[in-house]
Amino acid sequence: MSALILALAAGAAVGLALGALGGGGSVLAVPALIYLLGFTPAAATTASLLIVAATSATALYAHARAGNVRWRTGALFAASGLLPAAAAGAVAAHLPQRALTAAFATIATLAAVMMLLGTRERRTDNARTDDARTDDARSDDTRADEPEPPRRAPARAAGTGAGLGALTGLLGVGGGFLVVPTLVAVLAFEMQAAVGTSLLVITTNSLASLLTRGATASGLDWSVIAPFAATAILGAWDGKRLAAKVSGTALRRTFAVALLAVAAFMLVDALT
């Protein structure tokens, strides 16, 4: 199978993941670039940042038009991750290839586990929310807005943003799989708002990391990256429409299982 066809197919999968889930695209992009398209781990993480930045920006536009982006919170996340992303991006070029692959496999496993656990937690939270709404309807003390997040939530959001920035710079992953559950659990965001806001964080962190990766960007194969990015951008629009039609729980469970298989393969490859 030609590299062009592989790049087009992989790009579509990455775009669907980003558009539907608000994250996970780069966790697919890096192994696809390494094992399907022959990139080195260092070059793959740089190419992934380029692809994910372009795709996330496109998906961000779509979610912003729908009113799903909380700009103030997203800016806090993004700002706290800028310096860590740039610093980690500079360090990544000097790390052994096997170490990068093993670290990436570990993060992919973490992402899959969080997605699987998140589907269970959301079912429990939805049940609790329904009970709470019933109680509120019976009382005179109605609340028009969501409950205020804890006072420490902004500090926790900033700390999480810094960690995600470092992760983006080092491994070329946007970190949406961590941003979304943090926004839901810590700041009480609804899922659509969490997905839209995570795309702002992913775009900003990816661009910041790219600024320090000039050495690994110079030898990239643009005949592969360009079609990969193009189909990823188109896939992101389809992913947003898919998310409106298919159960989010089903999407996340399917993606998580596939991600576990990819992570296991990469870890075996790195250790043998």
Side-chain angles (χ1 to χ4, degrees), residues 11-30 33 44-89 92 107 111 157-158 160-183 187 189 191-214 217 220 225-226 228-240 243:
V14 168
L16 281 172
L18 275 171
L21 303 175
S26 55
V27 186
L28 285 179
V30 172
L33 289 165
T45 55
T46 302
S48 172
L49 287 170
L50 288 165
I51 293 165
V52 170
T55 309
S56 298
T58 303
L60 172 63
Y61 174 73
H63 279 272
R65 289 186 60 185
N68 294 331
V69 181
R70 305 282 179 86
W71 295 99
R72 184 178 301 176
T73 304
L76 173 63
F77 257 87
S80 61
L82 287 178
L83 289 179
I107 293 301
T160 304
L164 291 173
L167 193 66
T168 299
L170 187 64
L171 300 177
V173 297
F177 62 88
L178 293 175
V179 178
V180 172
T182 299
L183 291 175
L187 299 181
F189 275 29
M191 180 53 62
Q192 287 295 329
V195 169
T197 306
S198 76
L199 291 167
L200 172 62
V201 179
I202 293 169
T203 303
T204 306
N205 284 347
S206 297
L207 292 174
S209 179
L210 281 170
L211 294 177
T212 61
R213 283 179 172 252
L220 295 178
I225 295 174
F228 196 123
T231 52
I233 289 171
L234 293 175
W237 288 87
D238 290 334
K240 183 179 180 298

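One-based numbering along the sequence shown.
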Exercise for the section: For the pair Ser48 (side chain) and Ala29 (backbone), establish whether a donor and an acceptor sit closer than 3.5 Å, ignoring hydrogens and angles. Expected result: no

Handout entry: With sequence neighbours excluded, residues passing side-chain contact (heavy atoms from CB on, under 4.5 Å) with Ala208
Key = Leu82, Ala85

Completion exercise
The side-chain contact (heavy atoms from CB on, under 4.5 Å) partners of Ala194 (sequence neighbours excluded) come to Val180, Leu183, Val184, Phe189

Problem - For the student: nearest non-hydrogen atoms of Thr46 and Leu210, plus distance - result: O-CD2, 3.8 Å

Practice task
Kindly compute the distance separating CG (Leu50) from OG1 (Thr45), expressed to the nearest 0.5 Å.
Solution key: 10.0 Å

Exercise for the section: Give the C-alpha distance, both sets of side-chain angles, the deciding distance and a yes or no for side chain to side chain contact (heavy atoms under 4.5 Å, CB included) between Val195 and Asn68. Expected result: CA-CA 8 Å; Val195 169; Asn68 294 331; over 6 Å; no

Handout entry: With Ala75 via side-chain contact (heavy atoms from CB on, under 4.5 Å) - residues at least two apart
Key = none

Exercise for the section: Please check if the side chain of Thr204 supplies one atom and the backbone of Leu200 the other of a donor-acceptor pair under 3.5 Å. Expected result: yes

Handout entry: Minimum heavy-atom distance Ala47-Leu33, with the two atoms named
Key = CB-CD1, 3.8 Å

Completion exercise
Looking only at heavy atoms, the pair that brings Ala229 and Thr55 closest together is O-OG1, 4.3 Å

Exercise for the section: For His63 and Leu199, work out which heavy atoms get closest and say how close. Expected result: CD2-CD1, 3.4 Å

Problem - Side-chain donor or acceptor of Thr231 paired with backbone N/O of Phe228 under 3.5 Å - result: yes

Practice task
Output, in order, the C-alpha distance, side-chain angles, deciding distance and verdict of side chain to side chain contact (heavy atoms under 4.5 Å, CB included) for Val69 and Leu60.
Solution key: CA-CA 8 Å; Val69 181; Leu60 172 63; 3.7 Å; yes

Problem - Heavy-atom pair of closest approach, residues Thr203 and Ser56 - result: OG1-CB, 3.2 Å

